[in-house]
Amino acid sequence: MTSTPPDSESLPELTDARTSRRDFLLDAGHMVGAAALAAPLALLTGYQRAPMVHASEGSAVRPNWDQLERNLSGNLLRPDGAAYAEAIKIWNLRYASTRPAGVAMVANSKDIATAIAWARDNQVDLITRSGGHSYAGYSTTPGLVINLNDMTKVTLDRATGNLTTFGAAKNKDVAAAGRLHGRALPGGQCPTVGISGFVLGGGLGFHMRQHGMGIDSLLSTEMVTAEGECLQVSDKEYPDLFWALRGGGGGNFGVNTSFTFRTFPVPEQATVFSLSWEGDACVQAFLAFQDVLLGAPNALGAIAEFSASSGRQGAVIPKFEIMGQIIGQKDAADKLFAPVIAVAKPKTTLIETLSFWDAKSWLSEESNAPKPFAERSRFHPKPLTEDGVAAILDALAKVPILGSKQHVESSFFAWGGVVAHVPATATAFVHRNDLWLQTFNCSWGPNDPQPEIDRLMAWQNDFYNAMKPFASDRAFQNFADPQLEQPLQSYYGENLKRLIDVKKKYDRNEVFTFAQSIKG
């Protein structure tokens with residue numbers, strides 16, 4: 001029995017799939033035989049399977065769900081079970097009608113390997129879920145969902161400052177663990193986003209200009225492969241896979257069961273801000289803030305957001321808001337925004353110094369409830385011109401907002417800082433040298449008429465196309481967009497070829513696949 005050092009918290013064993021290989025025995029003679037178990041890591045080595053197809057009613061293979069249930073440490077939820085309805089909930093209600101045939105609430109790495117092996121034997125499509133926030137509904141399937149949401153523990157080693165999470169820890173779990181020791185990750189602003197999806201797609205947040213993307217803090221990760229291997233992946237072990245996982249997107253190469261990150265000591269205070277404008281002042285306010293951003297300190301993290309609301313007699317009022325934080329006292333923010341305010345006086349102004357953690361809470365999106373929506377994105381490698389901003393206001397003037405639950409916005413996430421210090425090919429995340437990430441969002445009520453939804457989405461596409469002369473065709477992989485004509489090229493650019501090579505090596509049978517997955 002070993003003791004825990006007094007200056008660290010221990011993390012319960014994550015590697016059941018590696019340490020208990022001979023305990024992993026599915027029904028004798030049906031799935032994995034003794035010869036396969038003899039290999040210490042490759043649970044399924046030498047076991048040939050047919051290409052995966054969805055096993056629907058009437059197909060040649062009838063999935064043996066009882067067998068899967070018997071061999072899980074966690075629970076298997078079926079449509080007639082009490083906990084099923086809660087387990088299948090996802091963030092984008094646009095895809096909420098998809099009803100999985102089963103949800104494996106896995107408890108450890110061995111459960112994950114079991115579920116993968118069973119899905120392959122029973123020819124059932126599988127999808128993994130750690131947060132359910134996929135913008136394009138890629139965290140659900142009519143087949144089997146491998147749900148990690150019972151694996152959320154987070155620990156922090158006080159001696160090193162390194163933080164280790166289970167695969168389904170959320171941003172809020174990471175923040176809570178870091179707060180106990182005054183340390184943090186450059187994490188996202190939505191508390192319920194899974195850390196797995198967040199970091200595998202790059203990881204943006206208000207601290208990235210100062211501390212880098214989420215992937216820039218990642219030290220190692222544990223991953224279960226399609227063959228049931230449990231790999232410890234870092235820049236020293238499986239470096240090609242580690243390269244791919246840092247920006248290659250979730251669900252492409254395996255199931256990540258834990259992550260270890262470098263953290264930074266939090267400052268005592270941060271100054272948060274929100275300034276807003278309406279009408280024609282939006283153009284000058286954006287251009288003035290863009291000039292400020294080009295010379296701003298890395299301690300600035302900001303989002304510049306355009307939106308619209310209905311005025312009298314149906315007229316549309318364009319709105320523009322800058323919100324975010326700067327590490328430091330209020331006078332730093334006052335000085336930063338003085339040139340912007342001089343050009344265009346804000347309709348509302350809030351600049352306030354808070355504790356670091358209160359600032360993080362203030363900036364979070366806790367009030368955002370699940371809803372149906374569609375989102376698109378473009379990266380801007382160069383400053384947006386006055387004509388480009390005018391194109392935004394022109395698009396907003398044409399928005400067909402009809403229902404009370406319908407909403408549109410276009411956010412500009414401030415890029416730059418130390419994000420650009422990492423070469424575009426050093427990790428799989430290619431979007432390193434941009435100034436802005438622009439999004440095009442429209443949302444609606446779950447019961448809104450389909451013709452109104454269609455008009456909103458047609459407007460969104462017109463807006464997206466109108467910005468083509470001012471931006472690139474690259475898109476953010478964590479804002480998955482099912483309308484992209486060449487999604488993999490848009491997400492990964494010059495890194496796509498190398499990602500395909502890694503896919504061929506670690507998932508040659510394309511077990512982990514969805515509409516926009518990397519294909520080998």
Mark yes or no for whether [X], through its side chain, and [Y], through its backbone, hold a donor-acceptor pair below 3.5 Å.
X	Y	answer
R78	A101	yes
K497	N495	no
S364	S361	yes
D434	F379	no
N478	G197	yes
D173	K170	yes
R120	A226	yes
H207	G301	no
N147	N149	yes
K319	S309	no

Chi angles and distances behind the ring-ring contact (aromatic ring centres under 6.0 Å, His included) call for W277, F289: CA-CA 12 Å; W277 294 261; F289 178 65; 8.7 Å; no
Given the ring of F429, does R246 sit roughly above its face, with NZ or CZ under 6.0 Å from the centre of the six-membered ring and within 45° of the axis? no
Student check: side-chain heavy atoms of [X] and [Y] closer than 4.5 Å:
X	Y	result
F373	L93	no
F253	L499	yes
H380	W415	no

Polar contact flag, side-chain donor to acceptor under 3.5 angstrom, N256-T221: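 On atom types as modelled, these side chains qualify, holding a pair under 3.5 Å.
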S307 and H407 side chains, donor-acceptor separation under 3.5 Å: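 Looking only at side-chain atoms, S307 and H407 do not form any donor-acceptor pair under 3.5 Å.
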Aromatic plane relationship, F479 with Y135 - under 30° parallel, 30 to 60° tilted, over 60° perpendicular: parallel
Side chain to side chain donor-acceptor pair (under 3.5 Å) test vs R376 passes for just one of T439, N465, D481, namely D481
Quick one: which of R474, Q516, Q477 gives a side chain to side chain donor-acceptor pair (under 3.5 Å) with Y491? Q516
If we check side-chain contact (heavy atoms from CB on, under 4.5 Å) with F514, which of these qualifies: N252, L126, T128, T140? N252
How many angstroms lie between [atom1] in [X] and [atom2] in [Y], if you round to the nearest 0.5 Å?
X	Y	atom1	atom2	result
L241	K503	CG	NZ	11.0 Å
M213	F198	CE	CZ	7.5 Å
K347	E278	NZ	CD	4.5 Å
F440	S377	CZ	OG	8.0 Å
K382	S472	NZ	OG	11.5 Å

Give the intermediate values and the outcome of side-chain contact (heavy atoms from CB on, under 4.5 Å) for residues L275 and I341. CA-CA 9 Å; L275 298 86; I341 294 172; 4.0 Å; yes
[X] atom [atom1], neighbour heavy-atom count above 12 within 6.0 Å:
X	atom1	answer
E386	CD	no
Q450	CD	yes
D280	CG	no
Q486	CD	no

Under the criterion side-chain contact (heavy atoms from CB on, under 4.5 Å), I'd like the reasoning laid out for I90 against R129: C-alpha separation, chi angles, the key distance, then a yes or no. CA-CA 10 Å; I90 57 175; R129 179 188 303 173; 3.4 Å; yes
Please lay out, stage by stage, how F476 and F413 fare under the test ring-ring contact (aromatic ring centres under 6.0 Å, His included). CA-CA 11 Å; F476 183 34; F413 294 81; 7.9 Å; no
Shortest non-hydrogen contact from P297 toward I326: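 So the minimum-distance heavy-atom pair works out to CG-CD1, 4.0 Å.
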Derivation and outcome, side-chain contact (heavy atoms from CB on, under 4.5 Å), residues L484 and Q489: CA-CA 10 Å; L484 288 171; Q489 189 62 44; over 6 Å; no
Could you go through the side-chain contact (heavy atoms from CB on, under 4.5 Å) check for I195 and N171 one step at a time? CA-CA 6 Å; I195 198 70; N171 280 331; 3.7 Å; yes
Side-chain ion pair, K398 and D394, N-O less than 4.0 Å: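 The answer is yes: the pair qualifies as a salt bridge.
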